[in-house]
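If you're wondering where the values come from, they're calculated on a predicted model, not measured in any experiment.
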Amino acid sequence: MFNRYLLTANKSVFRVTKSHGFSTTTRRLKPVWATVDPKDMGVDKEPHAVQNLVDGKWETGKSAVITVPHPLDADAPPIFTVPDTQISELDPFFKSLRKVPKSGVHNPMKNPERYVEYGEISRLAGAALSDPEIAEFFTQCIIKCVPKSHAQAAGEVKVTAAFLNNFAGDNVRRLVKSFGVPGDHYGQMSVGHRWPYGPVALVTPFNFPLEIPVLQLMGALFMGNKPVLKPSENVSFVMEQFLHLLIHCGMDPNDVDFLNCKGPVAQELIVGAPVRVTQFTGSSRVAELLLQATNGKIKIEDAGFDWKVIGPDVGDVDYVAWQCDQDAYASIGQKCSAQSICFIHENWKEAGLLEKLKARAATRNLDDCTIGPVLTVTTEQILNHTNKIASLPGAEVLWGGKELTGHNIPKVYGAVEPTAVFVPLEEMLKEENFDTCVSEIFAPFQVITYFNDDNVDLVLQALEGMDNHLTAACVSNDPAFQSKILANTVNGTTYAGRRARTTGAPQNHWFGPAGDPRGCGIGSPEAIQLVWSCHREIIHDSFVPSEWKDGQQS
């Protein structure tokens, strides 16, 4: 088992020595490559100082720092600081990225041994995250900065481990499998290749501080690019620790730059350096700003106002209620795939679906972090949004709509009960109301409405009018109803059937939006190829025929 050994690496040569993979000199279990114990964060008065990584060297910021408060206790010491890197300090990052040619660090014709090396690095990192003790280390890291339930945090680590395991061995080089097409004459063959961009950037969100940046980062590296990673400031230390693990597993520290800064500084680097593509996961507003700044050289997995349609066939009511609660409120609603709006067929009224949903929402509490701080929206903003929708004719707050009690969450964060607001379908579709009802707020909040057999086309009208097409769920085993919904919608990741959900980003299938040429996915080989490589066609044409004669020019 991996937890019986300490893996050490020297370039691409690995040796195994007996150990548990954890330091025995510290009072708590901590991997030997780690630079902080998450259990000490928010307890020690001296917060952990996250470092930048540039041109293969770890560096502490030279100017100001950003202090990240304890998300559950305003009176506790800060959990860590990150460098508040300024534009004047970007020169090492510019120099690092400018060293990378457009043809990448490796490609199908250059340094192909690096595909093999990254297969081994992925194997070792996957084995590490599959070790229960190291998995728990990262679970605690996630919980420390994004207080979600242990099950949700552990699930993030599990998906990341499975992704890394998927690309162990030869599976990295199989990502760049070429194809050939016969030419017009002897000696001619056209070959299509997946080609890297070279210097690239990725900007990652707070809500999945391990899974999203790791899956995109590894995809960029697999394909031969050199990425600069700019994480969300308030979760930065999670990826700092993962980079230490990758280096421990054999990654050359020159392969990645790690930049901690505020958004405008990152934009300055992206625009000023030869960054050839930027992958952004986050809000639609920031995505549009980056789109303009980069002249469209961007791949986006932006916000999702995600819908669920529950069809006319009633059954498995308790399961459907459980899944709805999970989709809307797990991870405190801070998922881009969270259930934002639910269209429920009136047949479910007698089954008591709403009553079951309300009862489930009421069981969520701060003690087990099934509810907790909202890191991007304040309490006042959430309640204002709730009241604005609830003030529409016929609308009402079904449950929630109040601030949490008995908490000490910092005021810069939100703290509200799981909330649902009912809005009549016809009222929602009015031009003056629609945009308000379908505006995403990254919090434990959802809109609920009813429909019937006679007005199902109004549901389709509502789905057509939405702007973000990330995830969706059609909860129905009725083939006619299911086909009608699926045929007339575009969401990139759509679950269909009685077990359908909106929150699903495992490593075994594509996760991403549709209907937008800038959209990109995560997790699957197709997602990696789409985001982190482009198509290059090389036509081999070798032999001039012996009978060729100089003729009239055309």
Side-chain angles (χ1 to χ4, degrees), residues 71 74 147 207 283-285 303-308 324-344 349 353-366 370-451 458-459 462-463 465-468 502:
N207 55 331
S283 73
S284 297
R285 181 186 64 82
F305 188 84
D306 306 299
W307 53 262
K308 177 179 287 184
C324 284
D325 176 77
Q326 285 291 105
D327 284 343
Y329 305 128
S331 292
I332 318 171
Q334 295 172 110
K335 289 186 176 184
C336 56
S337 59
Q339 177 179 306
S340 304
I341 188 167
C342 190
F343 299 85
I344 304 173
K349 285 184 177 180
L353 180 61
L354 283 188
E355 290 78 10
K356 291 178 182 291
L357 282 172
K358 182 176 181 179
R360 286 190 171 276
T363 65
R364 294 183 172 272
N365 61 84
L366 278 168
T370 50
I371 196 64
V374 177
L375 300 192
T376 58
V377 193
T378 65
T379 300
E380 182 180 12
Q381 289 171 316
I382 300 169
L383 296 182
N384 285 344
H385 182 72
T386 301
N387 294 333
K388 185 175 183 180
I389 296 178
S391 66
L392 298 176
E396 62 173 317
V397 176
L398 296 174
W399 57 83
K402 301 175 183 177
E403 182 175 356
L404 291 173
T405 59
H407 73 86
N408 196 29
I409 293 170
K411 292 187 181 298
V412 293
Y413 298 147
V416 297
E417 295 177 359
T419 299
V421 177
F422 171 79
V423 182
L425 181 57
E426 292 79 3
E427 195 67 36
M428 179 194 306
L429 286 171
K430 290 181 179 178
E431 185 176 354
E432 63 270 25
N433 298 334
F434 188 72
D435 287 346
T436 299
C437 292
V438 299
S439 294
E440 183 187 29
I441 187 164
F442 222 49
F445 175 90
Q446 65 175 320
V447 172
I448 290 177
T449 191
Y450 279 114
F451 71 98
L458 294 182
V459 175
L463 304 184
M466 297 175 191
D467 291 329
N468 304 113
T502 63

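- In terms of modelled atom types and a separation under 3.5 Å, the side chain of N433 and the main chain of E431 share no donor-acceptor contact.
- With rounding to the nearest 0.5 angstrom, the CG atom of L429 is 5.5 Å from the CG atom of L458.
- To the nearest 0.5 Å, atoms CD (E440) and SG (C336) are separated by 8.0 Å.
- Proximity of a side-chain donor or acceptor of Q334 to a complementary backbone N or O of L375 within less than 3.5 Å is detected.
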Practice item. Go through the steps for I448 and V421 under the test side chain to side chain contact (heavy atoms under 4.5 Å, CB included), then give the verdict. Key: CA-CA 6 Å; I448 290 177; V421 177; over 6 Å; no
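- Salt-bridge formation is detected for the pair R364/D325: a Lys NZ or Arg NE/NH1/NH2 atom is positioned less than 4.0 Å from an Asp or Glu carboxylate oxygen.
- With K430 as the partner, the salt bridge (charged side-chain N to carboxylate O under 4.0 Å, His left out) test is satisfied by one option alone out of E427, E432, E426: E427.
- Here the side chain of T386 pairs no donor or acceptor atom with the backbone of G401 at under 3.5 angstrom.
- Under the 4.5 Å side-chain criterion, counting only non-hydrogen atoms from C-beta, W399 is in contact with L357.
- Shown here for A328 and Q446, the closest heavy-atom pair between the two residues is CB-NE2, 3.6 Å.
- Listed for the T449 side chain is no donor-acceptor partner under 3.5 Å among the backbone atoms of F343.
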Review point. After noting the C-alpha distance and the side-chain angles of L354 and F422, does the key distance pass the side chain to side chain contact (heavy atoms under 4.5 Å, CB included) rule?
Key: CA-CA 10 Å; L354 283 188; F422 171 79; 5.8 Å; no
Check your understanding: Hey, mind stepping through M466 and F434 against side chain to side chain contact (heavy atoms under 4.5 Å, CB included) and telling me if it holds?
Key -> CA-CA 9 Å; M466 297 175 191; F434 188 72; 4.3 Å; yes
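- Closest non-hydrogen pair, I441 versus H385, comes out as CG2-CD2, 3.6 Å.
- Put simply, CD1 on I332 and CD1 on I371 are 6.0 Å apart, with the number rounded to the nearest 0.5 Å.
- Side-chain contact between N207 and S331: absent, with no pair of heavy atoms (C-beta onward) separated by less than 4.5 Å.
- Taking both residues in full, the closest heavy atoms of P71 and I409 are given as O-CG2, 3.6 Å, listed atom of the first, atom of the second, then distance.
- We find the OH-OG1 distance between Y413 and T378 to be 12.5 Å, quoted to the nearest 0.5 Å.
- Contact of the C437 side chain with the L392 side chain is registered, since non-hydrogen atoms from C-beta on lie closer than 4.5 Å.
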Practice item. Dump the intermediate steps for side chain to side chain contact (heavy atoms under 4.5 Å, CB included) on F445 and I389, then the final yes or no. Key: CA-CA 11 Å; F445 175 90; I389 296 178; 3.8 Å; yes
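- Under a 3.5 Å cut-off, the side chain of T379 and the backbone N or O of A415 do form a donor-acceptor pair.
- In this structure, the side chain of D327 engages the main chain of T502 through a donor-acceptor pair within 3.5 Å.
- Between the side chains of S284 and D467, not a single donor N or O lies within less than 3.5 Å of an accepting N or O.
- A pairwise comparison of heavy atoms in E403 and E417 identifies O-OE2, 4.2 Å as the closest pair.
- A donor-acceptor pair is defined here as one N or O able to donate and one able to accept, closer than 3.5 Å; no such pair exists between the side chain of Y329 and the backbone of A338.
- In this structure, P424 and A395 approach most closely via the heavy-atom pair CD-N, 3.9 Å.
- Across all non-hydrogen atoms, the minimal contact from A443 to I382 is CB-CD1, 3.8 Å.
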